[in-house]
Asker: 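The following block contains the structure, expressed as structure tokens.
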Amino acid sequence: MVVGGVIDLHLHSNASDGTDPPEMIPELGAAAGCRAVALTDHDTLAGLSAAGSRAAEVGIELVRGCEVSCAFSGATTHVLVYFVDADEGPLHDELARLRQDRVARNRLLAERLAALGAPVTYEEAVEQAAGEESLGRPHFAALLVAKGMAESVPDAFDRWLASGRPAYVPKARVPPADLAAKAKESGAVCALAHPLSLELGPNELDRAVGELAEAGFAGLEAHYAAYGPEERRALVELASRHDLVATGGSDYHGTHKPGLAVGVGRGDLAVPDRALELLAARRP
Ligand code: AMP
Ligand code: ZN
Ligand code: FE
Ligand code: FE
């Protein structure tokens, strides 16, 4: 393994709510100088095959991953799953259930928007996505912007789609310990994504991360593009206190999250590739 290289372990394609096709993710990773990238689409592994083939062609490693919404500590938290190399297993079954629930949630969300007078249909929303199971709130947000109902994607979330806003419809969430157990049975490991989204104070966050470590988590996303240097440093320490690998990534979503690039985030991201080595050592 090359010492001193960089990686990006948090990337979305249009297999979920990113805007680039999966094969473009390793291309962008290679262009940014990444030695490895992880494709981590929400609830799905559908982009991994195309991304894997292209990664081999451009000479970088593709880590097979996904991102799952978990119910934890009274909130929703996102969990990244890495090294999903099997073709079937309990994790795959769980993801299939989550995709079914996503489709049902999206239909309700579209009905809610229509009832609120927004000129948006479910069919139009699906047209924004690569398929029904790929559809997410960012597609609805982009559609609301295109229809002049919001100024930007974040504004569409603030007005309509975020938790507590009028068109919000919750979707199924998994207890993190269940996800960790299923990931383990499928040869994969879990890492807590963007930990500051939990909005906990330092002591509560420390306790929550301790619980996840007990549940078998392997990593914590410390080098997250949206975080400042101090936040990243504190999260690296937090990971170390609980013997978790300090992972990281950009959370690139193409044009659905402007200002974020693969590998470099907002320009200052540099996830050490040693993190991937350490994470791989935690595989069951
Ligand atoms: P979904 O899985 O369909 O509920 O959509 C969740 C996705 O929406 C997240 O992964 C983010 O990419 C995006 N998202 C959530 N909240 C916001 C927000 N306030 N502004 C912009 N994007 C958001
Ligand atoms: Zn997303
Ligand atoms: Fe996330
Ligand atoms: Fe993400």
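Numbering of ligands and ligand atoms starts at 1, following listing order. Side-chain atoms are counted along with the backbone in the values below, which use heavy atoms only and exclude waters and symmetry mates.
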Asker: Heavy-atom contacts under 4.0 Å between Arg137 and ligand 1: side chain, backbone, both, or neither?
Answerer: both
Asker: Please tell me whether His12 and His256 form a close aromatic pair, meaning their ring centres lie under 6.0 Å apart.
Answerer: no
Asker: Specify which N/O/S atom of Glu67 comes nearest to the Fe ion (ligand 4), by atom name.
Answerer: OE1
Asker: At less than 4.0 angstrom from any non-hydrogen atom of Lys257, what atoms of ligand 1 do you find?
Answerer: 12 (O)
Asker: Taking Ala225's backbone N and O only, do any of them form a donor-acceptor pair with Arg232's side chain (distance below 3.5 Å, no angle check)?
Answerer: yes
Asker: Heavy-atom pairs closer than 4.0 Å: do any link ligand 1 to the side chain of Asp17, the backbone, both, or neither?
Answerer: side chain
Asker: Assess Asp17: does it contribute an N, O or S atom lying under 2.8 Å from the Zn ion (ligand 2)?
Answerer: yes
Asker: Atoms of ligand 1 less than 4.0 Å from His42 heavy atoms?
Answerer: 10 (O)
Asker: Quick check on the Fe ion (ligand 4): does His78 put an N/O/S atom closer than 2.8 Å to it?
Answerer: no
Asker: Identify whether the distance between the nearest side-chain nitrogen and carboxylate oxygen of Arg282 and Glu277 falls below 4.0 Å.
Answerer: no
Asker: For the Fe ion (ligand 4), what is the closest N, O or S atom on Asp251?
Answerer: OD1
Asker: Would you please determine whether His256 falls within less than 4.0 Å of ligand 1 on a heavy-atom basis?
Answerer: no
Asker: Should the proximity of Lys171 to ligand 1, defined as any heavy atom under 4.0 Å, be assigned to the side chain, the backbone, both, or neither?
Answerer: side chain
Asker: Are Leu238 and Leu205 close enough, and set up right, to give a side chain to side chain contact (heavy atoms under 4.5 Å, CB included), and what steps lead you there?
Answerer: CA-CA 9 Å; Leu238 177 62; Leu205 183 60; 3.7 Å; yes
Asker: If the cut-off is 2.8 Å, does any N/O/S atom of His12 fall short of it from the Zn ion (ligand 2)?
Answerer: no
Asker: Indicate the atoms forming the closest heavy-atom contact of Tyr168 with Ala162, along with that distance.
Answerer: CB-O, 3.3 Å
Asker: Can you sort out which atoms of ligand 1 are near Gly136, meaning under 4.0 Å from one of its heavy atoms?
Answerer: 3 (O)
Asker: Roughly how far, to the nearest 0.5 Å, is CD of Glu221 from OH of Tyr224?
Answerer: 6.0 Å
Asker: Take every heavy atom of Ala162, measure it against each atom of ligand 1, and state whether any distance is under 4.0 Å.
Answerer: no
Asker: Give me the one residue out of Leu45, Thr40, Leu48 that meets side-chain contact (heavy atoms from CB on, under 4.5 Å) with Cys66.
Answerer: Leu45
Asker: For Arg105, which part has a heavy atom under 4.0 Å from ligand 1: side chain, backbone, both, or neither?
Answerer: side chain
Asker: Could you check Met149 against Val145 for side chain to side chain contact (heavy atoms under 4.5 Å, CB included), going step by step and ending with a plain yes or no?
Answerer: CA-CA 6 Å; Met149 305 299 288; Val145 174; over 6 Å; no
Asker: Closer than 2.8 Å to the Fe ion (ligand 4): does that hold for any N, O or S atom in His12?
Answerer: yes
Asker: Where does the angle between the aromatic ring planes of His10 and His194 fall among parallel (under 30°), tilted (30 to 60°) and perpendicular (over 60°)?
Answerer: parallel
Asker: Please note down the angle at the Zn ion (ligand 2) between NE2 of His42 and NE2 of His253, to the nearest 10°.
Answerer: 130°
Asker: Regarding His256, does it place an N, O or S atom less than 2.8 Å from the Zn ion (ligand 2)?
Answerer: no
Asker: Contact between ligand 1 and Glu67 is defined here as a heavy atom of the residue under 4.0 Å from a ligand atom; is it met?
Answerer: no
Asker: I'd like to check which ligand 1 atoms, numbered from 1 as shown, lie under 4.0 Å from a non-hydrogen atom of His253.
Answerer: 12 (O)
Asker: Examine ligand 1 and decide if any of its atoms is less than 4.0 Å from a heavy atom belonging to Arg102.
Answerer: yes
